[in-house]
Amino acid sequence: VLLQKNLKNYYIKA
Amino acid sequence: MLEARLEQANLLKKVVDAIKDLVQDCNFDCNDSGIALQAMDNSHVALVSMMLKSESFSPFRCDRNIALGINLGSLTKVLRCAQNEDILTLKAEDAPDVVNLVFESAETDRISEYDIKLMDIDQEHLGIPETEYAATITMPSAEFQRICRDLSALSESVSIECSKEGVKFNCQGDIGSGSIHLRSHTNVDKPELNVEIDLTEPVSLTFSLKYLVNFCKASGLSNQVKLCLSNEVPLLVEYALSNNSYLRFYLAPKIGD
């Protein structure tokens, strides 16, 4: 199964 | 106050059209450098980042930072009232309840004016660092759109593999599989057909075609699209506009659990 992670896992809150 | 005049309403119409199915309510952040928008889709796997630089407007005036919280469905309704070639002026007070849009026909003396009620939108902003991507592919936006549309008929996902052999878009579905292979290509007469692949290391990533097809609604904004990939980070899909303005989309890759 392939999953997409929430973008918040890659980028920090500004 | 804000006053921003666009030579052609068409630009804003196309931008809003390209993003309205991905994000619904968003803040248009206005300051002296221009008008910016950043919003994630509901599932938080895709992000839209728009920058319309002040140079894209003439004149452009914005004395202080103003966030215009706008429902894109409402904005679409009002932008439909503008002819593509109309001159469009956006206006807002410093603490506005409404944004005012004026459409002027250059050919006739018709001037139409609309106000859209603003919303308070509490939006999360993500800091996206400047990234050195392992592979950057610049290609005709219509070609990318065709690839995404064609492969979405077969599968939900596409793998994008970039190596010194070129770039390969691959999909596997219930009825079978498909793949499209592109190499660097230079067309002197029609540079808009060029394919340029800039690679520092091989990359292979899988993405949801549903989102990519959605991003491709921006194809009318630019002849070329730039895909930036690095292993294990979101894909950047960029449509460059005049005056260093841009419309960018980010998409989280599909990864094994």
Side-chain angles (χ1 to χ4, degrees), chain A, chain B residues 22-23 27 29 36-49 67 122-131 133 155-160 170-173 204-212 214 228-237 248-257:
Chain A
V1 185
L2 294 174
L3 298 171
Q4 286 163 287
K5 276 198 215 168
N6 190 314
L7 285 173
K8 286 184 246 177
N9 287 287
Y10 299 98
Y11 302 125
I12 48 162
K13 269 201 214 178
Chain B
L22 211 59
V23 291
N27 282 323
D29 296 309
L37 174 157
Q38 193 204 79
M40 276 189 280
D41 80 308
N42 285 333
S43 59
H44 289 190
V45 298
L47 180 139
V48 180
S49 171
D122 187 20
Q123 216 157 39
E124 277 183 298
H125 247 268
L126 296 184
I128 300 169
E130 282 291 316
T131 307
Y133 287 94
S155 175
E156 286 180 1
S157 308
V158 59
S159 75
I160 305 179
N170 248 317
C171 81
Q172 294 193 341
S204 177
L205 285 164
T206 301
F207 300 99
S208 159
L209 278 163
K210 180 182 81 175
Y211 286 97
L212 295 181
N214 216 320
C228 303
L229 304 105
S230 283
N231 285 318
E232 291 164 36
V233 303
L235 164 74
L236 163 60
V237 179
R248 292 177 182 160
F249 299 95
Y250 294 84
L251 180 63
K254 287 192 168 190
I255 48 176
D257 60 355

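Please read these numbers as outputs of a predicted model, since none were measured by experiment. All chains are named by letter (A, B, ...) in the order of the sequence lines, taking the proteins before the strands, and each is independently numbered beginning at 1. The basis for the numbers below is simple: all heavy atoms, side chains too, and nothing from hydrogens, waters or symmetry mates.
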A.B. asks: Could you grab the distance from atom OH of A:Y10 to atom OH of B:Y250, nearest 0.5 Å is fine?
C.D. replies: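 It comes to 14.5 Å.
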A.B. asks: In Å and rounded to the nearest 0.5 Å, what is the CD to NZ distance from B:E124 to A:K8?
C.D. replies: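 Here the interatomic distance stands at 3.5 Å.
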A.B. asks: Could you tell me the separation between the CG atom of A:L3 and the CD1 atom of B:I255, rounded to the nearest 0.5 Å?
C.D. replies: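 Nearest 0.5 Å value for the CG-CD1 distance: 7.0 Å.
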A.B. asks: Counting only heavy atoms not in B:Q123 (residues, nucleotides, ligands), do more than 12 fall under 6.0 Å from its CD?
C.D. replies: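 Count over threshold, so yes.
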A.B. asks: Looking at A:L7 and B:L126, what are the two nearest heavy atoms and their distance?
C.D. replies: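 Minimum heavy-atom separation between A:L7 and B:L126: CB-CD1, 4.0 Å.
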A.B. asks: If you compare all heavy atoms of B:V45 against all heavy atoms of A:K5, which two are closest, and at what distance to 0.1 Å?
C.D. replies: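 Where B:V45 meets A:K5 most closely, the heavy atoms are CG1-O, 3.8 Å.
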A.B. asks: Please name the pair of heavy atoms, one in A:Y11 and one in B:I128, separated by the smallest distance, quoted to 0.1 Å.
C.D. replies: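 Closest approach of A:Y11 to B:I128, heavy atoms only: CE2-CG2, 3.8 Å.
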A.B. asks: At a heavy-atom distance under 4.5 Å, which candidate from B:S208, B:S157, B:A46, B:P234 has the highest pair count against chain A?
C.D. replies: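 It is B:P234.
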A.B. asks: Under 4.5 Å heavy-atom distance to chain A, tell me which part of B:Q38 shows up: side chain, backbone, both or neither.
C.D. replies: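 Looking at B:Q38, nothing touches chain A.
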